[in-house]
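What follows is one structure encoded as C-alpha cells, with my remarks underneath.
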Amino acid sequence: MNPARRFFKLLWKDKWALTGATVLTFWLVVALVPQFFPELQDVPMELSARLSAPSKEFLLGVNDNGNSVALLLMNGARTSLMVSLFTVGMSLLVGIPLGAAAGFFGGWVDGIVSRLIDILLSFPPLILPIAITAFFGGGLLNVVVALSVTGWVSYARLVRGQFLSIREREFVTAARSLGAGDLRLMFSHILPNTLSPLAVQATFALAGVIISEAGLSFLGLGVNQSHTSWGGLLNDARSFLTEAPFLAFFPALALFSVVSSLNFLGEALRLAFDPRSLSQAGRV
C-alpha cells in the first residue's frame, strides 16, 4: 500500500487525525471567505456595541474598538495561514539546496553549511526573528523573512542527513556508472527519497510558524495594523481580561485548534510514511 492510501486509511480510522483534518479544513474555508467577499476584509466599527458579549447579533462578541470578533478572527486566520505557508515555502527553498549540497558533496561545502547551521542553532528560536523585526519593522514580508532566517535550518539538517545516507546506496552507484551527472543524481534519484520526511517536517513546522507569528504579534513586532493577527488580538485583549475575557478566549481557542490539528495530521503523515511505526502503534 502506498503512503497516500495508507494516510487516508489512517485518517478515516483515527479519530484524532480526522478531527484535525476537519478543523483545519474549517479554518482554511474561513481564511478564504474574505478573498471572495472583499467587504469582509473591512471590519466595521459599532461603537454603541463596544465590549458586548457574544450574542445572536455578534456571535463572538465585540472588542473595545467596536469591531466584530468573528470578523477579526476570520481575517486573522488568513494572516496566520499566509505567514505559515510562505515561511515554510521560503525555508524549503533555502534549506533543500543547502542541505543537498552539504550531504552530496561533503568536504568544505558540508563544513560551511554545517557551521552556519551550528551558528543559527546557538540562538534561542525567537531571538533572531525578534531582532530582525525590531530593526526592520513589522509587516507581512518582514515577518516571513525573519522566521525563514532560522526556519530553513531544520530542513537543511534533514536533507543533509538523508543525502549522506542515500548517496551510498546501490541505485545511486548504478545511476552514476551509467553516466548520470551530479545534478541528476541529486534531484532525480536522491531528493525524491527525502520527500516523505520533508512532508512530515513541513506539516509540524506550519504549527510552529503559526505560534511564532502569534508570539511576534503579541509583542507588537508582527504584521502591521493593515493585517489582523491572532497574536495581535491576544495582545489587545490583555487590558480586558476581567471585563471581557471572551476577547482573549476566542483567539486563543483558534490558535489551539489550528496548531493541534496540524500536529495530529503531522503524526498521521509520519505513521503513513513509516509502516513499521504504524504496525507497532496498532493504528491500522
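Numbers here are sequence positions counted from 1. Source: prediction; values computed, not measured. Values reported hereafter were calculated over all heavy atoms of this structure, with side chains retained and with hydrogens, waters and symmetry mates removed.
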Q: Please examine the side chains of Pro251 and Leu73, heavy atoms only from C-beta on, and report whether any two atoms are closer than 4.5 Å.
A: yes

**Q.** Pairwise side-chain contact, Asn263 with Phe204, heavy-atom cut-off 4.5 Å (strictly under)
**A.** yes

Q: Mind running side chain to side chain contact (heavy atoms under 4.5 Å, CB included) on Asn142 and Ile132 for me, showing each step along the way?
A: CA-CA 8 Å; Asn142 288 348; Ile132 292 172; 5.9 Å; no

Q. Between OG1 of Thr150 and CD1 of Ile127, what distance do you get to the nearest 0.5 Å?
A. 11.0 Å

Q: Specify the closest pair of heavy atoms between Ala100 and Val159, including all atoms of both residues, with the distance to one decimal.
A: N-CG1, 3.4 Å

Q: Would you please name every residue forming a side chain to side chain contact (heavy atoms under 4.5 Å, CB included) with Ser261, sequence neighbours left out?
A: Val23, Leu24

Q. Under 3.5 Å, is there a donor-acceptor pair between the side chain of Ser55 and the main chain of Phe58?
A. yes

Q | Same apolar cluster (I L V M F W Y, side chains within < 4.5 Å links), Met82/Val30 | A | yes

Using distance only, find each side-chain donor-acceptor pair of residues 175-184 under 3.5 Å and give its atom names and separation, not counting sequence neighbours.
residue : atom : partner : partner atom : Å
Ser177  : OG   : Thr173  : O            : 3.4
Ser177  : OG   : Ala174  : O            : 2.6

Q: Find the distance between CE (Met186) and OG1 (Thr194) and round it off to the nearest 0.5 Å.
A: 10.5 Å

(Q) With a 4.5 Å cut-off on side-chain heavy-atom distances among I, L, V, M, F, W and Y, is there a chain of contacts connecting Leu265 to Val29? (A) yes

Q | Counterpart residues, side-chain hydrogen bond (donor to acceptor under 3.5 Å, both in side chains), relative to Asn235 (two or more places apart) | A | Arg238

**Q.** Evaluation steps, side chain to side chain contact (heavy atoms under 4.5 Å, CB included), between Leu219 and Leu126
**A.** CA-CA 11 Å; Leu219 295 173; Leu126 273 180; 6.0 Å; no

**Q.** Arg157 atom CZ: more than 12 heavy-atom contacts under 6.0 Å
**A.** no

Q.
Just so I know, are the side chains of Leu216 and Pro129 near enough to count as touching, which here means a heavy-atom distance under 4.5 Å?
A. yes

Q | Smallest separation among heavy atoms of Ser91 and Ser148, with atom names | A | OG-CA, 3.7 Å

(Q) Could you tell me if the side chain of Leu116 sits less than 4.5 Å from the side chain of Trp152, heavy atoms only? (A) yes

Q) In terms of hydrophobic clustering (I, L, V, M, F, W, Y; side-chain heavy atoms under 4.5 Å; direct or indirect links), are Phe105 and Phe187 co-clustered? A) yes

Q | Leu191 versus Phe163, closest heavy-atom pair with distance | A | N-CZ, 4.0 Å

**Q.** Under 3.5 Å: donor-acceptor pair, side chain of Thr87, backbone of Ser84
**A.** no

Q) Looking at Val143 and Leu221, what are the two nearest heavy atoms and their distance? A) CG2-O, 4.2 Å

Q. Do the rings of Trp230 and Trp27 sit parallel, tilted or perpendicular, given the 30° and 60° boundaries?
A. perpendicular

Q: Take Val144 and Met90 through the test side chain to side chain contact (heavy atoms under 4.5 Å, CB included) and record every step on the way to the result.
A: CA-CA 8 Å; Val144 170; Met90 184 177 294; 4.0 Å; yes

Q. Is there any side-chain hydrogen bond (donor to acceptor under 3.5 Å, both in side chains) pair reaching into residues 118-141, and which pairs are they, with sequence neighbours excluded?
A. Arg115-Asp118

**Q.** Hphob cluster co-occupancy, Leu32 + Leu206, side-chain heavy atoms under 4.5 angstrom
**A.** yes

Q | Considering all heavy atoms, the nearest Gly61-Phe246 contact | A | CA-CE1, 3.8 Å

**Q.** Separation between CG of Asn63 and CZ of Phe240, rounded to the nearest 0.5 Å
**A.** 8.0 Å

Q. Which class fits the ring pair Trp16 and Phe264: parallel under 30°, tilted 30 to 60°, perpendicular over 60°?
A. tilted

Q) Do Asn65 side-chain atoms and Asn67 backbone N/O form a donor-acceptor pair below 3.5 Å? A) no

Q: Return the set of residues passing side chain to side chain contact (heavy atoms under 4.5 Å, CB included) with Pro97 (not counting sequence neighbours), or none when no residue passes.
A: none

**Q.** Verdict with reasoning, Leu233 to Leu247, per side chain to side chain contact (heavy atoms under 4.5 Å, CB included)
**A.** CA-CA 8 Å; Leu233 294 178; Leu247 295 181; over 6 Å; no

Q. According to a 4.5 Å side-chain heavy-atom criterion applied to Ile, Leu, Val, Met, Phe, Trp and Tyr, with indirect links allowed, do Val69 and Phe26 form part of one hydrophobic cluster?
A. yes

Q) What distance do Ile117 atom CD1 and Leu98 atom CG have between them, rounded to the nearest 0.5 Å? A) 7.5 Å

(Q) Would you say CZ of Phe123 has more than 12 non-hydrogen atoms from neighbouring residues, nucleotides or ligands within 6.0 angstrom? (A) no

(Q) Is it the case that over 12 heavy atoms from other parts of the model lie below 6.0 angstrom from the CZ atom of Phe86? (A) no

**Q.** From Thr79 atom OG1 to Ile210 atom CD1, the distance as rounded to the nearest 0.5 Å
**A.** 11.5 Å

**Q.** Any side-chain donor near an acceptor of the partner, Glu213 and Ser229, under 3.5 Å
**A.** yes

**Q.** Any donor-acceptor pair under 3.5 Å from Ser165 side chain to Gly161 backbone
**A.** no

Q. Can you tell me how far CZ of Phe249 sits from CG of Leu234, rounded to the nearest 0.5 angstrom?
A. 12.0 Å

Q. Looking at Met74 and Val33, what are the two nearest heavy atoms and their distance?
A. SD-CG1, 4.0 Å

**Q.** Set of residues satisfying side chain to side chain contact (heavy atoms under 4.5 Å, CB included) with respect to Asp236, sequence neighbours excluded
**A.** none

Q) Taking the side chain as C-beta and beyond, is there a heavy-atom pair between Val88 and Tyr155 under 4.5 Å? A) yes

